[in-house]
Structure formats: structure tokens, C-alpha cells
Amino acid sequence: MKTTMTSVAGESVDIHVVERPEDLGAFFDWIEQKSVLGADTETTGLDIFSDDFRVRTVQFGNATTGWVLPVEKGWEFTKAACEVLTSGRHFIFHNAMYDLQVIDRCFSIPLEETFGKVVDTRILAHLIDPRGQEEGGIGHSLEALTRALIDPAVADEVKVLVKLLAKEMKTTQSQVWSVVDIDNPDYLLYAGMDPILAYRLREKLEPLVPASARGLVAYEHRLAEVCAVMERNGFLVDTTYSRKLSNRLRREEDAAGDRLFETFGVESPNSTEQVADALEELGVKVRGRTPTGRRKVDKKLLDDLSELDAPEGELARLVIEAKRTRKWRTTWVDGFLAGMDTNNRVHPSINPLRARTARMSITGIPAQTLPSSDWMIRRCFIPDPGESLVSVDYKAQELRVLAALSGDTVMRRAFQHDADLHQITADAAGVDRKVGKMANFLQVYGGGPAKLAEGAGISFPDAKRVIDAFRSTYPGVAQFARAAEEEARQLGYVTTPTGRVLPVDESRIYASTNYLVQSTSRDVTCAGLLRLYDDGFGPYLRLPIHDEVLASVPADQAERGAKMIREALRMDFRGVDIDTDAEILGDSWGAGYVPDSEREAYETTFIPF
DNA sequence: CAGGTTAGCACC
DNA sequence: AAACGGTGCTAACCTG
């Protein structure tokens with residue numbers, strides 16, 4: 001056993017590195033009386049579900065002592081770690097979803113059995129201040145929190161250490177943990193420090209959780225478990241379809257790229273500079289400028305040009321095509337194929353507590369940004385054998401939440417009768433439904449007349465009239481917005497009905513309403529997810545997408561399953577029915593978009609790969 | 001050349 | 001008076 005003495009916040013701490021099975025006795029002696037432990041794992045990377053993913057060390061500790069168990073060195077160490085993890089003790093992790101997923105995957109200790117015994121310091125940090133460092137918050141990483149609350153010198157040391165190790169081993173910082181030697185003393189020191197920091201952070205963070213948000217602590221931990229289950233479930237990929245689609249997109253991209261180069265000399269369609277040069281050579285004046293003063297070549301300019309029956313129209317059409325096919329292939333299809341485990345499943349990475357408003361984010365399967373107007377990409381995902389995909393989404397979730405929050409009589413009544421709110425706004429302003437819809441959403445987003453004019457293609461004064469009409473149609477909303485902004489001005493934050501504290505920047509007081517609506521909507525969806533989980537739907541859940549939940553349910557019970565999901569998600573909020581719609585998609589995520597006949601016709605046009 | 005920034009674009 | 005909220009990903013470009 002190797003012991004290193006160092007100091008944290010002026011206090012001396014010991015880090016013990018277990019080296020041989022005989023050393024475990026001392027570890028168990030130390031741990032015997034401890035019922036709460038800081039804990040952490042070091043792994044070969046972040047790709048938990050890949051074949052060669054391994055745990056390297058498991059660490060436990062308290063405020064002054066850290067232990068490193070080198071589980072990759074032998075089964076005795078793994079056994080010891082598992083014994084502790086299943087012992088009934090409580091643990092403090094930073095970002096527990098990751099470690100508990102690792103423990104589930106590598107040690108076969110189900111995360112359902114560990115989550116209930118865990119405090120996650122990242123959850124506490126987000127409840128205290130949801131802002132990242134770049135937004136003026138303290139941030140949520142172990143490093144940032146250590147710097148702000150424990151000991152800046154320790155935070156710096158760790159940062160410098162990773163850089164040094166990467167340099168020493170001639171690798172990237174993200175690769176360090178997969179290649180560093182298990183006996184590297186710096187690595188082990190770093191590893192042993194983490195449970196100490198997690199333990200100390202909990203003591204610092206718990207008192208800082210706002211009183212209104214204390215009830216959210218347990219809720220967010222339960223939600224993290226549900227999301228971890230969805231990550232573990234993964235989503236089955238139709239590899240035959242996906243490979244064909246990838247090849248097809250590549251051919252289309254190449255064709256457009258070749259013509260762009262031959263005819264217009266554009267090598268990289270994604271290079272704004274190159275495209276701007278080529279356009280100006282054809283006599284097109286590129287007037288728009290980006291914030292940094294460069295020529296702006298965006299979708300709007302290209303779309304407008306693509307209408308022209310002229311060389312610049314051809315150029316624009318080719319650039320649009322080349323960009324789209326490349327994006328679709330690299331960002332989506334090839335990403336899915338590369339991310340699959342050996343069972344053809346892609347495991348999304350879900351952060352249930354991400355944005356300032358606590359909105360979730362999903363990576364791995366960037367489910368929140370898949371093209372929605374086209375079924376082609378979603379078609380890559382299929383239900384498990386014998387199952388059927390079901391999608392349930394909230395009907396106008398944010399507007400219903402706005403109606404509930406504001407209590408506006410007209411809006412509430414509209415939703416009571418399932419009336420068409422966009423049409424009501426449109427009628428009040430004497431404009432098309434499309435403009436009414438835009439005005440409704442702009443209200444939720446905090447937009448003004450300039451944006452409405454731009455988006456709806458109407459004049460500025462007309463846009464102002466529409467917004468005035470909105471205000472007089474829904475006086476309760478205007479009053480609610482004023483109160484929220486006043487609260488934000490006075491306190492620097494607003495508080496949601498769930499008790500979540502949302503800081504509002506002084507320069508963006510107008511965002512208060514949006515924060516409240518967005519955050520409350522998030523909690524409506526998440527509370528629904530918890531009900532679904534408690535109803536036993538865990539294994540069927542695939543993805544949460546803001547106001548939508550995707551599930552794969554037994555095909556012969558799809559109707560019933562869809563109805564159960566729909567009812568579990570639906571809720572009454574202050575007398576407003578936050579209602580849901582269920583759709584049985586069938587044999588792929590793309591299946592709801594287009595009739596089978598059309599799909600088959602399209603799929604047969606694929607070139608064999 | 002790794003890592004950060006900018007621009008553009010996909011979504012709710 | 002007016003103020004568009006929140007994400008993630010890629011390619012190109014910039015920097016130390």
C-alpha cells in the first residue's frame with residue numbers, strides 16, 4: 001500500500017493506494033465505521049457501452065482520507081469494491097448517473113439498487129445555481145465547484161496534472177484515462193482526491209440549496225435514475241436501412257460537391273468564405289454581415305438565391321444540397337452507426353438537469369435536434385422485436401403552462417374547450433392563423449415586434465398591432481409577465497411553482513416569463529416520467545424530448561400501452577388540463593410521418609451497399 | 001496540432 | 001420602447 005499526504009483547504013489528508021490484496025485489510029478496517037462515503041470511479045473512457053470499456057479504479061473516502069482500489073489489477077479489488085457498494089452504506093458521487101451506470105455495466109450491480117443510496121453533488125449544485133461558469137454561475141463540474149467552494153489550489157493542481165499527463169503520454173486530455181499507467185502516482189493521487197472532494201462538496205452545498213428547492217432534491221435524484229434507465233435501455237438501430245441511407249447520402253453529397261467544384265470552383269461547401277467568393281464572382285452582392293463583420297451566407301440567402309433561374313441559383317441549390325446531405329450523414333446516420341453497441345443499440349446520454357431552466361439535454365442520440373419535417377433520419381430507429389413504437393406528446397405544453405401560471409381567463413377557457421388558441425389570437429388581431437401562432441410563441445419566448453415582423457413577413461407597425469391585440473386578448477398573461485419581471489428586477493431571480501430558483505440577468509429581464517414557462521413545462525414532463533417509471537414503464541422508455549416521450553411497447557398491447565402512457569403523463573395543473581396525444585408509430589420512429597406505400601417506394605430506390 | 005471559437009443549422 | 005428563450009453538432013477557422 002502506498003500512502004500520500006497532501007492538504008486540502010489547509011487540512012492534511014491521506015490518500016491510500018491499495019496495491020496488493022493483503023492491503024485490503026487496512027481498507028476494511030478504515031471503512032468499518034463509515035456509513036457515508038464519498039465515491040468515484042476512473043474508467044478507460046466515457047463510452048460505457050462499448051465492448052472494451054473498463055473500470056480502472058474505484059475510490060472511496062471522507063473529508064480527510066481517500067482510498068483507491070485498483071480494480072483492473074485483480075478480482076479481489078473488484079470484489080472489495082462491490083462489497084462496499086452493496087453494503088447498505090450511503091454514497092456521495094459527483095454526477096452519479098455516470099458512475100452508477102458504470103457500476104451497473106461493469107459490476108452487474110443494477111443502478112436501481114444503488115441510486116436510492118446516493119447523493120449527487122452535481123444535482124445540488126444545479127439546484128443552487130443552474131448557470132454555467134460562462135453565464136456567471138459557479139458551474140457544475142467537480143473542478144469548478146472545488147475551485148469555488150473548497151480549495152482553488154487543489155482545482156488548479158488537478159487541471160495542470162491532466163495537461164501534464166497528456167503531454168507526457170503524447171495524447172489528448174480526453175484519452176489520458178485510458179492509457180495512463182495504473183501505477184502512475186499522479187494519476188492515483190488525482191483518483192484518490194475525487195471522493196474526498198465529493199464528500200466535502202456535499203457538506204458545502206447542502207446548506208446552500210434554497211429553502212424553496214429542498215423538495216426538489218429527492219425528485220431530481222429519482223429523475224436521474226429514470227434517465228439512467230433510459231440510457232441503459234438504448235434504442236435499437238435498423239442497421240440495414242441506416243447503412244443504405246448513409247451510402248445514399250454520401251453519393252448525393254459527392255454529386256453536388258463535384259459539380260460545385262467543377263462549375264464554380266468551390267472546394268468546401270461548408271466554407272462561408274468560399275461560397276461568398278463564388279457568389280460575388282457571379283455578380284451577387286453579399287450584403288449581410290455576421291457579428292464579427294464577415295460576409296453572411298446563411299440558409300435564408302441561399303434559399304432566396306436558389307429560386308433564381310441563373311448560375312447563382314444553381315450554385316445556391318448545390319450548396320444547400322451538399323450541406324444537407326453531409327450534415328444528415330455525419331451528424332445523424334454515421335453517428336448512430338458508430339455509436340452502436342454490439343447489440344445494435346445506441347445509448348443516449350441524458351442530462352436531466354442541464355439548462356438554466358433545468359431543461360434536459362440529450363446527446364449520443366441528439367434526439368432533440370433530429371429533422372422533424374422528414375422521416376428519413378428517424379427511420380433509423382426501430383422498436384425491439386415484437387414491440388411497437390409509441391410517441392406521446394403534450395398538446396401545446398408551454399402555452400397550457402402559461403395559461404396555468406398566469407391564470408388568464410381567456411386562455412384557460414380556450415384550453416378547457418380544447419379550442420384553437422392560435423386562431424383565437426389570429427382573430428383578435430385580424431391576421432392569419434400562422435401569424436397568430438407566431439405571436440403566441442413569441443410571447444412565450446419573450447420576443448418583440450421586430451422579430452414578429454421579420455418572422456411573419458409583415459410590417460413593423462402591423463407586428464406591433466398584433467402584439468397589442470395579444471395583450472388585450474389575454475390581459476392575465478400581460479399581468480403575469482409584469483409581475484415576473486418585477487420579481488426578477490427586485491431579487492435577481494424568479495422561482496417556479498416547484499420551488500426552482502432561476503437567476504435572471506439584469507440585461508434580460510424580459511426573459512423571466514420564458515424561464516418560468518420553460519422550466520415549469522420541463523417539470524411537467526419530468527413529473528410525468530416519474531409516474532411512468534413508478535407504473536413500471538421503465539424498460540419500455542426510450543427518449544424524453546422536451547414535451548414528448550418515446551416508448552417501445554409490446555406490439556399486441558400497443559393501444560393499451562399508448563393509452564396508459566398518455567394518462568400517466570397528462571396532468572391537471574392549477575385547473576388547466578396539460579393534455580397529451582398518443583400516437584402509435586409502429587415499426588420505426590419514422591413510421592408516423594408517411595404512409596407505408598410511399599415509404600416502400602422510397603426505400604426500394606436505394607443503391608445496394 | 002489540440003483545443004477553443006465562430007457560423008450555421010437542426011429541434012422544442 | 002423594446003428586448004427571441006433553451007439546447008447540440010459539425011466544419012471551418014483561429015491560436016498558442
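Letters go in sequence order (proteins before strands), and every chain restarts at 1.
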Looking at every strand, decide which applies to [X] at a 4.0 Å heavy-atom threshold: base, sugar-phosphate, or nothing.
X        : answer
A:Lys300 : nothing
A:Ser507 : nothing
A:Gly364 : sugar-phosphate
A:Lys299 : sugar-phosphate
A:Arg294 : sugar-phosphate
A:Phe460 : sugar-phosphate
A:Ala450 : sugar-phosphate
A:Val297 : sugar-phosphate

If the cut-off is 4.0 Å, is [X] near the phosphate of [N], judged by side-chain N/O to OP1 or OP2?
X        : N      : value
A:Lys296 : B:dG8  : yes
A:Lys464 : C:dA2  : yes
A:Thr369 : C:dT7  : no
A:Arg508 : C:dG5  : yes
A:Thr357 : C:dG6  : no
A:Tyr510 : C:dG5  : yes
A:Ser271 : C:dC13 : yes

Check: [X]/[Y] side-chain N/O donor and acceptor closer than 3.5 Å:
X        : Y        : answer
A:Glu314 : A:Thr263 : no
A:Thr325 : A:Glu252 : no
A:Glu548 : A:Ser391 : yes

Legend entry - Cation-pi check, A:Arg400 onto A:Tyr394 ring (under 6.0 Å, within 45° of axis):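 No, A:Arg400 does not lie over the aromatic ring of A:Tyr394.
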Inset, instruction - Take A:Glu485 and A:Tyr515, find for each the nucleotide of DNA chain C with the closest heavy atom, and name the residue whose nucleotide sits nearer the 5' end. - result: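 On the 5' side of the pair lies A:Glu485.
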Legend entry - SB check A:Arg295 A:Glu273 (cutoff 4.0 Å):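 Salt bridge between A:Arg295 and A:Glu273, a charged N being under 4.0 Å from a carboxylate O: yes.
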Inset, instruction - Classify the side chain of A:Arg359 versus the base of B:dC12 as yes if they form a donor-acceptor pair under 3.5 Å and no if they do not. - result: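 Indeed, a donor on one side and an acceptor on the other fall under 3.5 Å apart.
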Legend entry - Any N/O donor-acceptor pair, A:Gln368 side-chain to C:dG8 base, under 3.5 Å: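 Checked by distance alone, the answer is no.
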